[in-house]
Each structure stands twice: as C-alpha cells, then as structure tokens.
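Encoded as structure tokens, the structure appears first; notes follow it.
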Amino acid sequence: MTPSEQAAQILLDINAVCLSPQAPFTWASGLKAPIYTDNRLIMSYPEERRVIEGLLAQTIQSHYPQATVIAGTATAGIPHAAFVAAELNLPMIYVRSSAKDHGKGRAIEGVLKASDKVVLIEDLISTGRSVLNAARQIQSEGAQVLGVVSIFNYQLASGQKAFKEAGIDFVSLTDYTRLVEIAMKQADLKDYQASLADWYKDPEGWSQAHQG
C-alpha cells in the first residue's frame, strides 16, 4: 500500500472522511456534496494519528528539507503542526484567520523571523482560501513560504487555480481520487462510483442535480 493509499484508508476507517452519495451532505456554502471531511477526528486515534503525522513529517523532509519553521492554520491545522514540529524538532507557529483586536494585534502566534523558511500544515484543501490567506500573513512578515502540506485535498478546480495564481506550492498526503478508489472496496458504495466521479468533474452541477 502506498503512503497515499495508507492515508486514505485511515481517513475512511476512522470516519474522518465520509462518503454518502445516496444522502448528500450540505456544506457551509450551501452546496450538496457526496463527501464530508472532519480531520479533527485524527487527534482522538493515537495509532492512526502517529501514522498521519509521520507521513506529514516525511513529506516535509522530502519536498521541503530546508524548512526552518512549521506553521499551522487556525484552528484545524494547529494540532497537526504541533505534532509534526515536535517530530522534526523545529519551531512552530500558528496563523490566526485575522489579527487580534487587542494587545499587539498580531495574526501570527510564536516567533517568526524574516529569514525563516516556512511550511504550512493544513488539514484539508478545498478552495485554498484560508491557507493562502495564512501564507500571505507569513509573507507580510518577510518570511518565505516554501509550500503547503495538507492531509486531504478535494482536488477542486477553484483550489488548484488559487494556488497557481498565488505562486505557492502544495502537496497532499491523499486526495479525493485516491480515496474513492479505496472506498470502492465497500460493497455499499460500488453502485455509486459514477455519481462520485460526476461530483469530481462538476461539483456545482452535481449539487444542483441533488437539491431537494
């Protein structure tokens, strides 16, 4: 089993990612989708967590060996950044969604120097909006963002476009395509393979077809 398949299997096993094409989920945006992700659940499973954090650390060592700081996005990326920073023996910071309205009014918590080379950890990439905002906060301090490492990636076209326009590299442990391949081993999902593929091709169109 490849690292991507291993990560996908873990997410399915602990229900961090759920597939339900027959009874779609409603996202905060109002869109209907056959998938819902809550990677915060990883924190509650020590063995699975150890594997996921190990894969994150290996990915950083492989793609961004020059990293000097690990950053977490608030709030979902913070615990994963903490575990990975400890494993790599690197400093950790986290980035708020907006600057505090009191004290020093900072958006970044922890020590960040202009000479630092940062890897941002995010639990999930959809549109990429939140993590790219965090990247801009780091860049505004003069530090370099080497890239973003996420646990899961929906592979939405809007997200891919946003990263390209921002000029920021990203790597994910696993993604929607890989997860669906693994999930097809479940008998109750085999009949929905075409529907799951259709969502990936056109999320908005799929949502409209499943309203009501």
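- Two residues are said to be in side-chain contact when any heavy atoms from C-beta on lie closer than 4.5 Å; K161 and E165 meet this criterion.
- Annotation: the span from H80 atom NE2 to N39 atom CG amounts to 6.0 Å, rounded to 0.5 Å.
- Smallest separation of non-hydrogen atoms from A183 and L19: CB-CD1, 3.5 Å.
- In this view, S158 satisfies the side-chain hydrogen bond (donor to acceptor under 3.5 Å, both in side chains) rule with no residue, not counting sequence neighbours.
- In this structure, V84 and Q58 have side chains that are not in contact, with every pair of non-hydrogen atoms separated by 4.5 Å or more.
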Yes or no on side-chain hydrogen bond (donor to acceptor under 3.5 Å, both in side chains) for T26 and K32, after CA distance, side-chain angles and deciding distance? CA-CA 5 Å; T26 302; K32 296 287 185 179; 2.9 Å; yes
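- Side-chain contact between L55 and Q6 is present, with at least one heavy-atom pair separated by less than 4.5 Å.
- Summarising the geometry, atom CD1 belonging to I60 is positioned 4.0 Å from atom CD1 belonging to I70; distances are rounded to the nearest 0.5 Å.
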Donor-acceptor pairs under 3.5 angstrom involving side-chain atoms of residues 184-204: please list them, not counting sequence neighbours.
{"residue": "S195", "atom": "OG", "partner": "W206", "partner atom": "NE1", "Å": "3.1"}
{"residue": "D202", "atom": "OD1", "partner": "G205", "partner atom": "N", "Å": "3.0"}

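- Side chains of L146 and Q66 form a contact here, defined as non-hydrogen atoms less than 4.5 Å apart.
- Residues passing the ring-ring contact (aromatic ring centres under 6.0 Å, His included) test with Y36, sequence neighbours excluded: F25.
- The two residues P21 and H210 have their closest heavy-atom pair at O-CD2, 4.5 Å.
- Using a 4.5 Å cut-off on side-chain heavy atoms (C-beta onward), I121 and T73 make no contact.
- Distance check, rounded to the nearest 0.5 Å: CD1 of I182 to OG of S4 gives 8.0 Å.
- Heavy atoms only, all atoms of each residue included: S172 and S150 are closest at OG-OG, 2.7 Å.
- In this view, Q61 and L88 satisfy the side-chain contact (heavy atoms from CB on, under 4.5 Å) rule, not counting sequence neighbours.
- Atom CD1 of I14 is separated from atom CG of L41 by 6.0 Å, given to the nearest 0.5 angstrom.
- Contact between A23 and S20 at its shortest, heavy atoms only, is O-OG, 2.9 Å.
- Side-chain N/O atoms of S130 and E122 include a donor and acceptor closer than 3.5 Å.
- The ring-ring contact (aromatic ring centres under 6.0 Å, His included) check on F152 picks up Y154, with sequence neighbours excluded.
- E48 places none of its side-chain heavy atoms less than 4.5 Å from the side chain of I42.
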With side-chain hydrogen bond (donor to acceptor under 3.5 Å, both in side chains) as the test, would you mind laying out the steps for S207 and Q211 before giving the verdict? CA-CA 6 Å; S207 177; Q211 294 291 338; 3.2 Å; yes
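- Under 3.5 Å, the side chains of D169 and Y64 contain a donor-acceptor pair of N or O atoms.
- Between R178 and D175 no salt bridge is recorded (no basic side-chain N to carboxylate O distance below 4.0 Å).
- Summarising the geometry of E109 relative to R96, their closest heavy-atom pair is OE2-NE, 2.8 Å, with the distance given to 0.1 Å.
- Atom-to-atom distance recorded for R49:CZ and M43:CE is 9.0 Å, nearest 0.5 angstrom.
- Here the closest non-hydrogen pair linking I151 and D123 is CB-O, 3.4 Å.
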Can Q155 and T177 be said to form a side-chain hydrogen bond (donor to acceptor under 3.5 Å, both in side chains), step by step? CA-CA 8 Å; Q155 297 178 292; T177 302; 2.7 Å; yes
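- Grouped with L120 in one hydrophobic cluster are V69, I93, V95, I108, L112, V118, I125, V131, L132, I138, V145, V148, F163, I168, F170, the linkage being side-chain heavy-atom contacts under 4.5 Å among Ile, Leu, Val, Met, Phe, Trp and Tyr residues.
- Annotation: the span from E5 atom CD to Q9 atom CD amounts to 9.5 Å, rounded to 0.5 Å.
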